[in-house]
Structures are given as C-alpha cells and as structure tokens.
2 protein chains.
Amino acid sequence: MNLSQKIKSIIREVPDFPTPGVNFKDITPIFENPSLCQEIVEGFISALPNKPDAVIGIESRGFLFGFLLAYQLKVPFILARKAGKLPYKTVKAEYTLEYGSAAIEINEGSIHSGQNILIHDDLLATGGTASAAAQLVKMHKANVLAFTFLIELTFLKGRDKLQNYSNNIICLTQY
Amino acid sequence: MNLSQKIKSIIREVPDFPTPGVNFKDITPIFENPSLCQEIVEGFISALPNKPDAVIGIESRGFLFGFLLAYQLKVPFILARKAGKLPYKTVKAEYTLEYGSAAIEINEGSIHSGQNILIHDDLLATGGTASAAAQLVKMHKANVLAFTFLIELTFLKGRDKLQNYSNNIICLTQY
C-alpha cells in the first residue's frame with residue numbers, strides 16, 4: 001500500500017456526523033498509529049518545495065501535525081485560533097461559512113515580511129479557513145510556500161480557492 | 001538559566017484575560033521558539049519514570065506537546081476532546097467547574113487494561129480536567145504513569161487532586 005492507501009485504511013468514516021447526510025472522516029485513529037504518523041511527517045516534508053521559515057497550524061486538529069512539522073523542521077510554530085481565544089494582540093482574517101462568517105487570528109508579530117510560510121490543517125474542504133490563513137500571511141507581506149493537508153475532499157473544490165496563494169497544495173489522500 | 005527560568009522568560013502574562021482579575025499565562029510564544037521546544041520535550045522525557053504505553057493530550061493546547069511526546073516516544077496518541085467533538089463511540093468523564101460541570105471524551109477502545117498512560121496538558125490549574133482524564137484511564141483498568149504540564153499554578157492546589165492517581169506529576173515551571 002502507498003501512503004494514501006494506508007491513511008484511507010486507518011481513517012474511520014462516520015455517517016451523519018455532525019449533521020445528517022455528512023459522511024465524516026474521523027482521523028483520530030491515525031494518531032494512535034505511531035509508525036503511520038512517522039510516514040505522514042516524512043511524506044509532508046519530502047513534498048515541500050523548500051524549507052519554510054515558519055508553520056501555521058489551524059485550530060484544533062491542525063495543531064497536531066502542524067506543530068510536529070515545525071518541530072522536525074526546527075522552525076517557529078504559529079497557532080491560528082478561533083477569534084477570541086488568543087489573549088494578546090492579534091491579527092484577524094474572516095471567512096464565509098454556509099450561513100454567516102467566522103474568523104481566525106494569529107499573534108501580532110509572529111510573521112515577518114518576506115518569510116515563506118507553510119500552512120497546515122488536517123482537512124481541505126471548501127478552503128475557507130485555509131484561505132483565511134493565507135490572507136493573514138499576505139497581510140504581513142509574506143509568502144505562502146505551501147499548504148499541507150492530510151485529506152482533500154475534492155468535490156468541494158477547495159483547491160481552486162487556494163491557488164491564488166500558492167501552487168504547492170500537498171494533500172496526502174483524496175476523497 | 002535553567003529550563004523553568006527559560007520558559008518563564010518566554011511566557012507572556014496578559015492581565016484581565018479571559019476575565020478581569022485573571023493574569024493569563026500566554027504560552028503561545030513558546031511554540032515560536034524551536035530550540036526551547038526541543039529542550040521542553042527533552043525535559044519532559046527525561047523526567048518520566050518509564051516509557052508510557054500511550055499519551056493522552058487534552059484539547060486543545062494539550063494536543064501540542066502531547067502529540068510531540070507520543071511521536072518522540074513512538075507510542076499512540078489519544079485525543080481527549082470536549083464532549084460532542086469526537087464523532088465515533090466514546091467514553092466520557094465529567095468534572096466540576098466553578099459554576100456547573102463539563103466533560104471530556106476519548107474514543108472507545110483507545111486504552112487497554114493494564115497499560116501505563118501519560119496524561120499531558122499545558123497547564124495544571126485546579127486539576128479538574130486532568131483528574132477527569134485520569135478517571136478515563138482508571139475506567140479502562142489502566143494506570144496513570146505520570147502527568148506532564150508546562151505550567152503549574154500552585155495556589156490552585158491541583159496537585160492535591162491528582163495524587164490519588166499518580167505521584168509522578170511533572171511540571172516544568174511553577175507560579
């Protein structure tokens with residue numbers, strides 16, 4: 001099995017979660033499999049075009065492999081949190097949801113002009129959150145080096161929304 | 001500087017967050033310091049009495065060093081999430097808050113009888129969440145090998161509540 005097939009064999013599909021009709025991809029069994037976690041980290045790192053200057057991980061499942069990637073690459077890890085959770089001065093980007101909008105924030109001063117930033121989350125769905133993270137990078141006159149996701153839900157076409165920011169969209173498995 | 005002093009020098013104290021009178025310890029700058037992160041991981045691992053069979057990390061800041069510890073130790077990482085966030089069958093433990101109660105959950109089948117489990121969170125305050133995680137371990141007839149925290153707020157006496165479960169309570173810095 002290649003890495004994509006291994007990941008799919010471990011992901012648990014849960015019907016009708018969180019709402020009826022949604023077939024939720026439960027990635028939590030991945031974290032209970034240390035050798036697969038190691039292959040995932042190696043898979044992400046080998047797919048990067050260059051070493052980033054920092055990694056942004058999106059709350060909360062994006063904290064997991066996001067911080068691990070930053071740690072392995074020996075670069076800073078920047079937490080992108082839901083609005084109101086970071087206690088100090090923040091920079092915010094909004095994104096639209098099916099009904100209404102939401103926002104993510106990072107600490108002021110975490111990104112520096114000209115840096116190459118890796119954005120990580122577990123799942124690429126509509127691309128709303130990831131493109132908000134990319135906006136945060138652009139607001140600092142920095143570049144999005146790449147996006148990394150464990151899973152891409154291709155029918156939601158999130159990839160189209162991200163190509164404005166970077167052509168390096170790395171997804172280890174697709175549905 | 002020793003590790004405790006280094007951590008304190010990087011933590012940002014934010015007055016009156018999230019409510020007036022609370023002097024919040026903002027740990028997010030730690031994650032932007034890769035060499036300190038490496039010392040923290042080494043500090044935790046060297047303080048463990050033995051290698052655990054698995055690590056539980058408590059949502060969401062406990063996911064960060066929790067998963068990193070599991071990864072370095074090559075053992076499964078178990079996510080303890082707020083009630084309702086895990087999509088599949090779960091085991092739940094409640095804990096009391098100042099007003100009311102809350103609960104954390106882990107996936108059913110994640111802990112096995114007789115295992116030695118490490119419980120990780122960023123902060124030891126009243127010990128409510130950590131003791132709920134320890135209850136989850138005990139419900140599976142497993143043992144709490146140790147608790148690891150970045151910070152202990154000693155005036156809240158959380159340590160007293162945890163000593164029912166394990167004498168290995170590892171806190172890298174105290175206030």
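Note that the structure is predicted; figures quoted are calculated from it, not measured.
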Interface residues of residues 106-137 of chain A facing chain B - heavy atom cut-off under 4.5 Å: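 Answer by number: A:N107, A:S110.
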For chain B, which residues from residues 7-42 of chain A lie under 4.5 Å away (heavy-atom distances)?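 The residues closer than 4.5 Å to chain B, in numerical order, are A:R12, A:V14, A:F17, A:F24, A:D26, A:T28, A:F31, A:E32, A:P34, A:C37, A:Q38, A:V41.
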Rounded distance [0.5 Å steps], [atom1] in [X] versus [atom2] in [Y]:
{"X": "A:Y165", "Y": "A:N143", "atom1": "OH", "atom2": "CG", "value": "13.5 Å"}
{"X": "B:K82", "Y": "B:K92", "atom1": "NZ", "atom2": "NZ", "value": "14.5 Å"}
{"X": "B:F149", "Y": "B:Q174", "atom1": "CZ", "atom2": "CD", "value": "11.5 Å"}

Please report the shortest heavy-atom distance between A:L172 and A:F44, naming the atom on each side.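 Scanning both residues completely, I find the closest heavy atoms to be CG-CE2, 3.6 Å.
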Can you name the closest pair of heavy atoms from A:S166 and A:F147 and give their distance?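 Between these two residues, the closest heavy atoms are CB-CE1, 4.0 Å.
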Would you mind checking which part of B:L64 comes under 4.5 Å of any heavy atom in chain A, side chain (CB onward), backbone (N, CA, C, O), both or neither?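 For B:L64, backbone and side chain are both near chain A.
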List the steps and the verdict of side chain to side chain contact (heavy atoms under 4.5 Å, CB included) for A:K51 and A:V75. CA-CA 9 Å; A:K51 183 176 164 174; A:V75 299; 3.6 Å; yes
What do the steps show when you test A:T173 against A:C171 for side chain to side chain contact (heavy atoms under 4.5 Å, CB included), and what is the final call? CA-CA 6 Å; A:T173 194; A:C171 304; over 6 Å; no
Verdict with reasoning, A:I151 to A:Y175, per side chain to side chain contact (heavy atoms under 4.5 Å, CB included): CA-CA 8 Å; A:I151 303 170; A:Y175 289 89; 3.6 Å; yes
Under 4.0 Å between a Lys/Arg side-chain N and an Asp/Glu carboxylate O for A:R81 and A:E59?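 So A:R81 pairs with A:E59 through a salt bridge.
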Chain B interface, residue from A:A54, A:P87, A:P76 that has the most non-hydrogen pairs under 4.5 Å: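 The candidate making the most pairs under 4.5 Å is A:P87.
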So what's closer than 4.5 Å to chain B heavy atoms on A:L68: side chain, backbone, both or neither?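 Answer is both: backbone and side chain atoms of A:L68 are under 4.5 Å from chain B.
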Can A:T148 and A:L48 be said to form a side chain to side chain contact (heavy atoms under 4.5 Å, CB included), step by step? CA-CA 9 Å; A:T148 56; A:L48 293 177; 4.2 Å; yes
Taking the six-membered ring for Trp and the single ring otherwise, decide whether the centroids of B:F67 and A:F65 are under 6.0 Å apart.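 Yes, they do, as the ring centres are separated by less than 6.0 Å.
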